[in-house]
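Please read all numbers here as calculations on a predicted model, not as lab measurements.
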Amino acid sequence: MTQLVWFRNDLRTTDNPALTAACSSGAAVRACYIATPGQWQQHHWSPARIRFVLDHVQVLGQRLAKLGIPLVILYADQFNDSIATLKEFCCKNRVETLHLNTEYGINERRRDRELKAQLQEQDIRVLSYHDQCVVPVGAVKTAQGTPYTVFTPFYRRWAQWLQEHRPSPYPEPSPVAPALAPPPPPDDALRPPDSPRPLVSCGEQAAHQRLEQFLDEQAPGYDKVRDFPARPGTSLLSPYLANGVLSGVQCWTAALPHQASALADQGVSTWIKELAWRDFYIHILYHFPRISMDRAFKPETEALVWNTPGDHFEAWKAGNTGIPIVDAAMRQLNQSGWMHNRLRMVTAMFLTKNLFIDWRQGERYFMSRLVDGFLASNNGGWQWSASTGTDAAPYFRVFNPASQSEKFDPTGEFIRQYVPELAGLDNKRIHQPWLGGAAPKGYPAPLVDLKESRKEAIARFQALKDQP
């Protein structure tokens, strides 16, 4: 009888509990990945992410072949279609046990429940494993036994749990059979023709090399440079984490020795806190499934009447708002499939507070462009910026994008890279080219007045708060 590993958001052979369990069974092991292009489109997967995933599925197949495990790529249009596809495959190949690592979105959880019920009717066991978080979902709760909805107490308990349990990554399993020929690559028809050039190198080995390089060279100063988009201060590990080429446990474990260094302590500790933020949003996604369904975490904010997207939304998407730092960030996103984290907050707050356009519009657009589009983190960040989510920015705290630009891109280096029409302006005027004269030809005037639009947004939130 055969053990089958269904790879989903866990495209790696190391620290993969489902793969480890299957290989420990002593039985024959097979693996599959199910391509679901219809569901990718419904979930707004970007061309960059689809290319990234398909490239890594190919590399995964090569690594599994060395372990004597054949990887087959199956095809189903929607998530629910994959139930019938997998059921047929299991029956044809005498699968005794299906191993999978848990996913926490509501559609994924419903699919897995139905799959388990149908396979059990065929006497096929389905075993699921914790994988996506450093600290398992449900492992940390308040003294009242409820989920944390504020990050700071969550983080304290998160760090305490890790000190008590100190998880370690699973090694790559030993070969279970003689090495095989690598499987054929995924169907080329699945690859979007318009995907940007890859942001990071392909493969699990490349991910680990990037992790070690970051911890050695950049993490010691991470707390000081991470907010400056023109400087190489971020890890660029998010595509690997979002698609399961690296695990959170692997990142946390690798960071610990560096955290012990007095020189690196604050920078590494700040980066580890980013892993905690990722866990926090995954826990929220699990405990409050409404946020998987286009709903605000704060139900009362559903009564907000957002502006019609229209031309303002199109200008924001294209990077033609007349606000240089916003435009530079949006052009970076459109060209590379990635955006600096500080600028994700700046652009999101500009859309939701200054343009007062529904955060769901921006959330979907980011997902449609990001190589590291990950539901929990993307939703959490957008709802934080829009003041509709858990632990959100207070509605009266609105980033001024010009001030953010002056603080974190003081010489305008990042703006010049992506908004070349402003390259000739001096370091002061480049942040607000509409001051002191006309903006350079071809660059638009601001869509809105920053101060007045901020006041209007605060008034709308205040009116909502004042309702009986």
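- Using a cut-off of 4.0 Å between Lys/Arg side-chain N and Asp/Glu carboxylate O, E413 and R416 are scored as not salt-bridged.
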Practice item. Decide side chain to side chain donor-acceptor pair (under 3.5 Å) for Y281 and D391; before the verdict, give the C-alpha distance in whole Å, the side-chain angles of both, and the deciding distance to 0.1 Å. Key: CA-CA 10 Å; Y281 284 139; D391 207 31; over 6 Å; no
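- Aromatic pair F297/F288: ring centres closer than 6.0 Å.
- Of the possible polar contacts, one joining the D10 side chain to the R8 backbone as a donor-acceptor pair under 3.5 Å is found.
- When atom types are taken as modelled, the side chain of Q58 and the backbone of P185 share no donor-acceptor pair closer than 3.5 angstrom.
- A donor-acceptor pair under 3.5 Å links the side-chain atoms of N9 to the main chain of A242, judged by distance alone.
- Between the S269 side chain and the Q266 main chain, no donor and acceptor come within less than 3.5 Å of each other.
- Taking the side chain to side chain donor-acceptor pair (under 3.5 Å) definition, one finds that R226 meets it with E274, sequence neighbours left out.
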Point to revise | Derivation and outcome, side chain to side chain contact (heavy atoms under 4.5 Å, CB included), residues Y240 and L211 | key: CA-CA 10 Å; Y240 298 124; L211 173 61; over 6 Å; no
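- No side-chain N or O of Q432 forms a donor-acceptor pair with one of R429 less than 3.5 Å apart.
- Side-chain atoms of R295 never come within 3.5 Å of backbone atoms of E302 as a donor-acceptor pair (strictly under, hydrogens ignored).
- Two rings, from F214 and W271, have their centers less than 6.0 Å apart.
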Exercise for review: Kindly indicate, with the supporting measurements, whether the criterion side chain to side chain contact (heavy atoms under 4.5 Å, CB included) is fulfilled by L375 and Y104.
Suggested key: CA-CA 10 Å; L375 174 60; Y104 295 108; over 6 Å; no
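- Counting all heavy atoms, side chain and backbone alike, V225 lies closest to G233 at CG2-CA, 3.6 Å.
- The distance between the ring centers of W277 and F151 falls below 6.0 angstrom.
- From L450, atom CG reaches atom NZ of K353 across 14.0 Å, with rounding to the nearest 0.5 Å.
- Between D294 and R360, none of the side-chain N atoms (NZ, or NE/NH1/NH2) sits under 4.0 Å from a carboxylate O, so this pair counts as no salt bridge.
- Between the side chains of D327 and T321, at least one donor N or O lies within less than 3.5 Å of an accepting N or O.
- Salt-bridge annotation for R364 and D358: absent, with no side-chain N of the basic residue lying under 4.0 Å from a carboxylate O of the acidic one.
- Here the CD1-CD1 distance, from I291 to I284, works out to 7.0 Å after rounding to the nearest 0.5 Å.
- The side-chain tip of R460 points at the ring of F356 from less than 6.0 angstrom away and within 45° of straight on.
- Relative to the ring axis of Y155, K273 places its NZ or CZ within 45° and under 6.0 Å from the centre.
- Ring geometry for Y395 versus F461: interplanar angle under 30°, hence parallel rather than tilted (30 to 60°).
- Distance check: T347 OG1 to Q332 CD gives 10.0 Å after rounding to the nearest 0.5 Å.
- Side-chain N or O atoms of Q218 include one that pairs as donor or acceptor with a backbone N or O of P232 at under 3.5 Å.
- In this structure, N101 contributes its side chain and Q132 its backbone to no donor-acceptor pair below 3.5 Å.
- Under the 3.5 Å distance criterion, the side-chain polar atoms of N320 are left unmatched by any main-chain donor or acceptor of A315.
- The only option from W359, W338, W382 that meets the ring-ring contact (aromatic ring centres under 6.0 Å, His included) definition with F366 turns out to be W382.
- Taking the centre of each ring, F414 and H340 stay at or above the 6.0 Å mark.
- Partner E103 forms a salt bridge (Lys or Arg N to Asp or Glu O under 4.0 Å) with one of R109, R111, R110 and no other, that one being R111.
- The aromatic rings of W40 and W45 sit parallel, their planes meeting at an angle under 30°, below the 60° perpendicular limit.
- Here the CD atom belonging to E363 is positioned 11.0 Å from the OG atom belonging to S368, to the nearest 0.5 angstrom.
- For the atom pair CG (N107) and OG (S292), the distance works out to 7.5 Å, reported to the nearest 0.5 Å.
- Atom CG of residue N16 and atom CD of residue Q250 lie 9.5 Å apart, to the nearest 0.5 angstrom.
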